[in-house]
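Every value quoted in this text rests on a predicted model; they were computed, and no experiment measured them. By convention in this document, chain letters (A, B, ...) are assigned in the order of the sequence lines, proteins followed by strands, and residues within each chain are numbered from 1. Note that these values count all heavy atoms, side chains included, but never hydrogens, waters or copies made by symmetry.
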Amino acid sequence: MTDNNPITLEQFNKMFNTWAETMKLPTIGPMFAFSKEFGEYANEFINLGKTMAEMKANLEQYWSLINTAYVQASSETAAKAPKQFLTKEDFENYKKVMTDAFENAFTGLFSSAEFSKAYGKVFTNQLDITKEFQNIIERNSKALNLPTKSEIDEMLKDIHDLKKRVRDLEKGNEGK
Amino acid sequence: MTQQESLPKADSPATSVQAEKPEVKDVVELAMQETKENLRKVEKARTILHNASSIQVGQTPHEVVEDTRTYRLLHYQPMVANTAKTPILTVYALINKAYVLDLQPDKSWIRNLLSQGLDVYMIYWKEPTSVDKYVTFDDYVNVYIDDCVDIVRSKNKVDQVTLHGYCMGATMSAMYTSFHQEKVRNLAVLAPVIDTSKDTTVIANMARHMDVDKMLDSIGNFPPEQLYALYSALKPFKQGMAKYFNLVQNIDNDSFVGNFLRIEKWLYDTPAICGGVFKQWIDDVYRNNLLIKNEMMIGNKRVDLSKITVPLLNLVADEDHLVSPECSSPLNDAVSSTDKRLMHFHTGHVGLIASSYSQNNVLPKVGQWLKARSS
């Protein structure tokens with residue numbers, strides 16, 4: 001495969017789906033427990049692969065936007081920069097022209113809806129990848145009979161609510 | 001046109017090298033001297049930056065009145081014999097640290113208010129941990145700020161305080177006042193985030209496509225690294241890079257270097273933001289703009305800005321690239337106060353509170369307004 005013919009997100013997904021099909025095992029009979037565990041683990045890794053492929057596509061879009069802004073700023077710098085560099089002022093002017101051109105191009109980019117969407121997608125992909133890893137660790141914790149992240153989260157929620165109720169009760173008693 | 005064509009023939013070093021040898025030699029010597037000088041400055045900057053963590057901030061004398069897992073309540077030592085009767089409770093934002101209001105003695109917001117005879121307290125928010133992921137605005141507004149207000153009222157034996165918030169702290173102060181107005185004498189805010197439909201800043205733009213539900217579920221609190229990413233998108237070249245060139249150029253100016261280091265320390269001293277708070281901040285305030293519509297729910301109560309009737313002072317910075325003036329100004333139309341004032345200043349978000357401009361132009365007016373309503 002060459003850079004001119006990169007693999008598409010659809011092709012990635014097809015590949016992962018094929019793997020998922022291939023790894024399926026009988027879900028009844030003596031293999032039941034192993035099959036269930038193996039299938040769930042395999043699914044987590046396949047989902048992780050899918051998310052990484054999606055992130056790669058989104059990162060390409062993200063860097064393409066950055067690249068466009070960079071090219072625009074570079075062209076503007078070349079057009080407006082002093083044509084000769086004989087004095088200190090020439091260098092100062094070049095610095096000023098370059099700073100202004102890059103500032104305008106990138107501030108314009110960062111203020112655009114297109115960039116905001118691209119950044120949002122990459123951020124979401126990062127969170128998805130974190131979540132996939134957490135799911136895998138959650139299974140490991142369960143297998144080792146350790147408290148899992150979701151169980152700790154439940155406890156945190158309860159503690160938070162209890163603290164609030166205790167505080168409200170204390171305030172109520174102070175007022176009496 | 002080629003670049004060669006644009007080069008002046010007579011003065012070009014290439015053509016005049018034979019005729020003006022000494023001049024070329026001088027130029028080369030000068031260039032070498034400058035290079036040597038610049039290298040010296042770069043080396044000095046490197047050494048200073050490596051040892052910068054010891055730089056002092058927040059030096060105005062104070063006592064810690066309350067110290068909890070979430071915040072410290074500071075009471076600053078008065079600087080005049082008779083202070084105004086109504087104490088001021090300063091509510092800082094949840095982004096970066098509160099010491100920017102007391103960065104250095106000659107640019108300290110707090111010190112200036114003290115010197116004008118005001119009695120100042122400040123809530124110094126501590127860094128949240130992963131345990132705090134479910135903490136919301138309800139906790140900050142109706143628990144932490146409310147507890148601090150009660151402590152100040154009790155300590156000073158007064159019924160009401162002046163609530164004085166900055167940025168996100170200003171928004172929380174407005175929320176608090178809408179719920180607990182009986183405890184608030186005046187509301188004085190700086191750059192509050194109120195109507196985000198009119199916020200044209202990069203931060204507002206980036207916030208619109210963040211999946212905060214997923215964030216809360218997977219990583220909990222909003223991490224500082226993401227805040228750095230957002231900050232680096234704000235004036236990335238004029239402020240992000242040019243400031244380091246300026247530092248090298250001014251490295252022998254102790255006052256310049258001191259100012260630079262303190263601001264730089266503050267800029268990157270960023271705690272995480274509690275997941276629950278960040279979700280409300282993005283979803284309710286930025287994405288759905290519920291605050292100005294009086295539809296935002298905190299706990300089981302609706303924030304209704306029109307209920308605010310206390311005197312209001314709203315300070316906005318015309319050059320603010322974090323909270324645009326159009327986003328802050330609508331607070332004055334949203335409240336029902338009859339005594340309300342909107343002041344515009346030709347400076348930026350940080351310049352409004354921690355600059356010579358702020359000491360000379362902003363604080364005298366703020367002090368005057370507060371003193372007239374603190375007897």
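Per-residue heavy-atom pair counts under 4.5 Å with chain A were compared for B/Q226, B/M210, B/H321, and the maximum is reached by B/Q226. Options A/T130, A/I159, A/D128 differ in how many heavy-atom pairs under 4.5 Å they form with chain B, and the most are formed by A/D128. Chain B forms more heavy-atom pairs under 4.5 Å with one residue of A/F133, A/F123, A/F106 than with any other, namely A/F123.
For A/K142, the NZ atom is loosely surrounded, since the number of other residues' heavy atoms within 6.0 Å does not exceed 12. Dense packing is recorded around OH of A/Y41, with more than 12 heavy atoms of other residues, nucleotides or ligands lying under 6.0 Å away. Counted within 6.0 Å of NZ on A/K96, heavy atoms from surrounding residues, nucleotides or ligands total 12 or fewer; the atom is thus considered open. Within 6.0 Å of the NZ atom in A/K80, the count of heavy atoms belonging to other residues, nucleotides or ligands does not exceed 12. Environment of CD in A/E114: sparse, with no more than 12 heavy atoms of neighbouring residues, nucleotides or ligands closer than 6.0 Å. The neighbour count for A/K149 NZ, taken as heavy atoms of other residues, nucleotides or ligands under 6.0 Å away, is above 12.
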*Decide side-chain contact (heavy atoms from CB on, under 4.5 Å) for A/M98 and B/F237; before the verdict, give the C-alpha distance in whole Å, the side-chain angles of both, and the deciding distance to 0.1 Å.*
CA-CA 9 Å; A/M98 189 179 76; B/F237 294 90; over 6 Å; no
*In sequence, state the C-alpha distance, the side-chain angles, and the governing distance for A/H160 and B/D139, and then conclude on side chain to side chain donor-acceptor pair (under 3.5 Å).*
CA-CA 10 Å; A/H160 174 256; B/D139 299 285; 2.8 Å; yes
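With rounding to the nearest 0.5 Å, the separation of CG in A/D161 from OH in B/Y134 is 10.0 Å. The distance from atom OG1 of A/T99 to atom CZ of B/F245, rounded to the nearest 0.5 Å, is 7.5 Å. Separating the OG atom in A/S116 from the NE2 atom in B/H209 is a distance of 4.5 Å, to the nearest 0.5 Å.
Only the backbone of B/S130 comes within contact range of chain A, with at least one heavy atom under 4.5 Å from a heavy atom of that chain. Neither the backbone nor the side chain of A/S150 comes within contact range of chain B; no heavy atom of the residue lies under 4.5 Å from a heavy atom of that chain. Looking at A/E103, both its backbone and its side chain come within 4.5 Å of chain B, counting heavy atoms on both sides. At a 4.5 Å heavy-atom cutoff, the contact between A/K164 and chain B is made by side-chain atoms alone. Interface remark: B/D217 contributes backbone and side-chain atoms alike to the contact with chain A (heavy atom separation under 4.5 Å).
For the pair B/K133 and A/D153, the minimum side-chain heavy-atom distance is below 4.5 Å. Looking at B/L230 and A/Y119, their side chains come closer than 4.5 Å, going by heavy atoms from C-beta outward. Side-chain contact between A/F110 and B/P236 is present, with at least one heavy-atom pair separated by less than 4.5 Å.
Scanning both residues, A/L127 and B/I219, for their nearest heavy atoms gives CD2-CD1, 3.6 Å.
Residues of residues 142-152 of chain B that come within less than 4.5 angstrom of chain A, heavy atom to heavy atom, are B/N142, B/V143, B/D146, B/D147, B/D150 in numerical order.
Judged by distance alone, the side chain of B/N205 and the main-chain N or O of A/S112 form a donor-acceptor pair under 3.5 Å.
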